[in-house]
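Please read the structure below before turning to the comments.
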Amino acid sequence: MTRLLLLDGHSLAYRAFFALPAENFSTATGQHTNAVYGFTSMLINVIRDERPTHVAVAFDRSRQTFRTEEYAEYKAGRAKTPDEFSGQVPLVQEVLDALRIAHAEVDGYEADDIIATWARQGREAGHEVLVCSGDRDALQLVDERVTVLYPRKGVSDLARMTPEAVEEKYGVRPERYSDLAALVGESADNLPGVPGVGPKTAAKWLGLYGDLGGVVDHADQIKGKAGQSFRDHLDQVLRNRRLNQLVSDVELPVGMAEAEWDSYDREKVHEVFDALEFRVLRDRLFEYLGADETEGTETGEAAELEVEALAPGGLADWLEAQGEELVGLELLVAMPESLAGRHRAEATGVALAGPGSVVWFDLAGRTPGDENALAGLLAEGAERVAVHDVKPAVHALREIGLRLDAVAHDTALAAYLVKPDQRSYDLGDLAIRHLHRELPSGEEQGGGDALFAADLVEGGETLGGAALQAAHRAQAVRDLAPVLAELVEQAGGTRLLHDVELPLAAHLVRMEAAGIAVDRDRLDELESDFADQVAAAQADAHAAIEDDSVNLGSPKQLQQVLFERLGMPKTKKTKTGWTTDADALVWLRAQTGEGTPAEAFLEALLRHRDVTKLRSTVQGLQKAVDTDGRIHTTYQQTIAATGRLSSVDPNLQNIPIRTEAGRRIREVFVVGEGFEQLMSADYSQIEMRIMAHLSGDEGLIEAFRAGEDLHNFVGAQVFGVEPDAVTPEMRAKVKAMSYGLAYGLSAFGLSKQLGIGPEEAKGLMETYFERFGGVRDYLGEVVDRARADGYTETMLGRRRPLPDLGSSNRQRREMAERMALNAPIQGSAADVMKLAMLRVDDRLAADGLGSRVLLQVHDELVVDVAPGEAETVRELVTHEMSTAVELDLPLEVSVGLGRSWHDAAH
DNA sequence: GGGAGTACGTA
DNA sequence: CGTACGTACTCCCT
């Protein structure tokens, strides 16, 4: 059975636009997506439920149609279509293009006419026809072969309008629906009906006289007020009838052949859904498509791959036969049962793709000869291995005593350098995008890759699914390597890849494997201490409002208490009400009378917030302590669009430091066994220094060269006083402004943050820019340049594409402008730190020192210092960090030593 | 169990 | 109306 699905793109998207709250559907850059989301969601549902073989979507092109020519008031009186909606129509069409779903719009006709035409063609072609439209005129199309799916409410509830359903609802058969509508009128189209005649009366007349013609013929026989009213409005009724008749012979650019739906553009779907930030929808879509035979028909099916399982002892010969060619490598990894650490998963098997063949090798059966051959392939100097995501591979090999020192290429890192804003760099996606090849889907094709899939290999004998998958992946990596290498080259990132990211990955592996020692007892004490404080704060809060049923962790319940029960003034709006964030609570407390229960409540609530946050941080750390008594974070090297690292599981880059209570958490991070002290070394004001360098501003550079206190210096300039006359208030203002500048802070934002008037903030910024004109010029230029190039660039040439700089959407564009301001500064600082890490690591090794780097927190390194090395390492780290790059001003590094991270602070 | 929303920790 | 991240909690859905 062939089934044709027709959708009225405009009316469905428009319904969605009003059904879904706009503020819940917008991208990070501010693009509204509620209409696209609603339409796409409905589309996916309908496709899933109805399984059409043919799909087509009609759009209105303009309001000018043959109907407005006959009746200028047609659809008049409607509010102007909001711009927020119009802007989404092209996005809807992008979604359709990605799905390769036909769509059309035709001058002078409405979407419904196009649908009527398609419906006729579809019926003639023998299809069963489904029409999904929010316009009731479509009901006239209903018959035995045509069903209308009419959205009842929202975007998820569709009424199935068969002839019977139409009759039940309107009292007439669908072929009489237009007659009925002509009598009753359609307010949405500004077509007034006969006054005093509703659907019931109209249906009765049509039942009596057959059709509208019959009713007209018998007009003078109809009694009562309604009959008179009908006779008075006869012309209007006939006009309504002419206008609501859908045209079914529109000349269309798209016919039944184009409507056949048998493929989609997977890569484009990712692109479009990424841009729209439709994660759930994408999953839903692929869940359906993945279960359907449409998958694979368009992007190339999983290619046949002949994989040979090498016998023990066979590796050397195979490797020999590959000559000096690049080898794609993919590991299977298994977690040893006795250990808990993520970084201790061991490689159990390896798939290798060479120029001529792909092999699978079970590492459990390796002979010394195999091991030698493999070590030779992986060893420094060989530079022949390509992998996807080197870090886990290095870990897994490290665990079985093999070093992977010679990675020639990493397709994940390469893809990141090419397009750093993506959320993931899944190998399967890259294969589709660049090789037009679909990888066989395993249970786990996502970020986890083949990790922990070893249990799929049964007995290690047969070439199980996981091994075969690994082989496909190895082949894909080998094939992708040159493609991505070229793209990296085009993006100017080749040196960055080979001289920075790849060697850094090896260093990160060592940091992750080392972990940082934790004082378990101290951690537990801290937890119970914070737990007590949480309980106390909660009790105080509950006592203050004489109600212990309120969950203080629930913003919803807090809103109830604060704004309804206590009647407090409203704070800033959020999507769901009014904010109860710390700023707002502090503000509310200031509005509240001293000594009142309300004040006591707010005070206790703020305390509760603080201390629950600290407690959950501590609990997170407790859970993260490994069997070796250390915490091993994972550094993500391909997440931050600016080039920074990020830290997960646990995140050790956001351990509290600003408050005294928070700093206590840093006391639990301690020097490791066999080491003497922890050392913390950080760059002071690296982003400000980089901004000074990049801008070439003489004043700022001079300040840094003179080694003055930056904020005092700037404060003196801005306020026109001597540096030693800068008050703490002045310093605070200037400090906030200096940092804010690198983020694209506005005068408005500054005034809000400092709690000063907008005029004062504006004045501050103006004076700042007068004194530091180089900074002003630089910030302007950096955005102009980015707009021209389409990307920003860091000191090491790391690029960040910012297509939204050209957006016509102001919110989006301004967001991109702030990103353009910040990315070179934050990104260059990240570059400098990465270089410094490599230099420090190299020097520690070259000088035969036992100290090791453990953590990186953007501008800080934490080091386990081996006995007797404190001074040497202090020297070394200071030197390597401060000379990592040469700037027009010094890079200052400050170092501290101590038993704990807290004590090492300075 | 998962997602959205809110809140908050770091640089 | 200030960039870049990760995590935890609640609430509401499936």
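Each chain gets a letter, A, B and so on, in the order the sequences are listed, and its residues count up from 1.
At a non-hydrogen distance threshold of 4.0 Å, A/R800, A/M815 from residues 797-816 of chain A come into contact with DNA chain C. Of the residues in residues 818-837 of chain A, those placing a heavy atom less than 4.0 Å from an atom of DNA chain C are A/R818, A/M819, A/N822, A/Q826, in numerical order. For the contact set between residues 637-645 of chain A and DNA chain C, defined by any heavy atom under 4.0 Å, the members are A/I639, A/A640, A/A641, A/T642, A/R644.
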Let me check something: any side-chain donor-acceptor pairs from residues 743-761 of chain A under 3.5 Å, sequence neighbours excluded? List them with distances.
from, atom 1, to, atom 2, distance (Å)
A/S746, OG, A/G749, N, 3.0
A/S751, OG, A/F748, O, 2.8
A/E760, OE2, A/K733, NZ, 2.9

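Taking atom CZ of residue A/R609 and atom P of nucleotide B/dT6, one finds them 13 Å apart after rounding to whole Å. Going from atom CZ of A/R664 over to atom C1' of B/dG9 covers 18 Å, rounded to whole Å. The interatomic distance linking A/W578 (CH2) with B/dG5 (P) rounds to 18 Å, in whole Å. We find that CG of A/D859 is positioned 10 Å from C1' of B/dT10, with the value rounded to whole Å. The distance from atom CG of A/D583 to atom C1' of B/dG9 is 14 Å, rounded to the nearest whole Å. Taking atom CG of residue A/L552 and atom C1' of nucleotide B/dA7, one finds them 14 Å apart after rounding to whole Å. Atom-to-atom, CD1 of A/I665 to P of B/dG9 comes out at 10 Å; the value is rounded to the nearest Å. One can place CG of A/D610 at 15 Å from P of B/dA7, the figure rounded to the nearest angstrom.
The side chain to side chain donor-acceptor pair (under 3.5 Å) test applied to A/E793 returns A/R799, not counting sequence neighbours. Applying the side chain to side chain contact (heavy atoms under 4.5 Å, CB included) criterion to A/V853, with sequence neighbours excluded, gives A/H507, A/M511, A/V840, A/L844, A/L861, A/V863. Partners of A/Y778 by ring pair (Phe, Tyr, Trp, His ring centres under 6.0 Å), not counting sequence neighbours: none found.
A sub-4.0 Å separation between OP1 or OP2 of B/dG9 and a side-chain N or O of A/R658 is absent.
Residues A/I665 and A/F530 meet the side-chain proximity criterion, which asks for heavy atoms closer than 4.5 Å. In this structure, A/L855 and A/I516 have side chains that are in contact, with non-hydrogen atoms separated by less than 4.5 Å. The shortest side-chain heavy-atom distance between A/Q637 and A/L508 falls under the 4.5 Å cut-off. Looking only at side-chain heavy atoms (C-beta outward), A/P569 and A/L588 come within less than 4.5 Å of each other.
Sorted by first then second residue, the side chain to side chain donor-acceptor pair (under 3.5 Å) pairs that include residues 812-825 of chain A, not counting sequence neighbours, are A/Q31-A/R812, A/R787-A/E817, A/D804-A/R812, A/N822-A/Q826. The list of side chain to side chain donor-acceptor pair (under 3.5 Å) pairs with a residue in residues 550-562 of chain A, not counting sequence neighbours, reads A/Q560-A/E564. Evaluation of the side chain to side chain donor-acceptor pair (under 3.5 Å) test over residues 603-616 of chain A, restricted to residues two or more places apart or in two chains, returns A/E527-A/R615, A/D540-A/R607, A/T580-A/R609, A/E603-A/R607.
Using a 4.0 Å heavy-atom cutoff across all strands shown, A/A747 reaches no nucleic acid atom at all. Residue-level contact check: A/K613 touches the bases, meaning some heavy atom is under 4.0 Å from a base atom. Contacts of A/T617 with the nucleic acid, taken as non-hydrogen atoms under 4.0 Å apart, are absent. Counting any heavy atom pair closer than 4.0 Å across all strands shown, A/L750 reaches no nucleic acid atom. Nucleic acid contact for A/E687: none, since no nucleic acid atom lies under 4.0 Å from a heavy atom of the residue. A/T612 comes within 4.0 angstrom of nothing in the nucleic acid, heavy atoms only.
Chain A approaches DNA chain C over the interval C/dC1 to C/dC12, counting the first and last nucleotide 5' to 3' with an atom under 4.0 Å from its heavy atoms.
Using a 4.0 Å cut-off between charged nitrogen and carboxylate oxygen, A/D547 and A/R565 count as a salt-bridge pair. Ion pair A/D789/A/R785 flagged as a salt bridge, since at least one NZ, NE, NH1 or NH2 atom sits closer than 4.0 Å to an Asp/Glu carboxylate oxygen.
Nearer to the 5' terminus of DNA chain C, by closest-nucleotide assignment, is the contact made by A/K572 (compared with the other of A/Q636 and A/K572).
Side chain to side chain, A/T574 and A/T579 fail the donor-acceptor criterion of an N or O pair below 3.5 Å. A donor-acceptor contact closer than 3.5 angstrom is absent between the side chains of A/E892 and A/Q685.
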Secondary structure of DNA chain C in dot-bracket form (Watson-Crick or G-U wobble, distances below 3.5 Å, | marking inter-strand pairs):
..|||||||||||.

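Checking side-chain atoms of A/T794 against main-chain N and O of A/G827 turns up no donor-acceptor pair under 3.5 Å. One N or O on the side chain of A/H906 and one on the backbone of A/G896 form a donor-acceptor pair closer than 3.5 Å.
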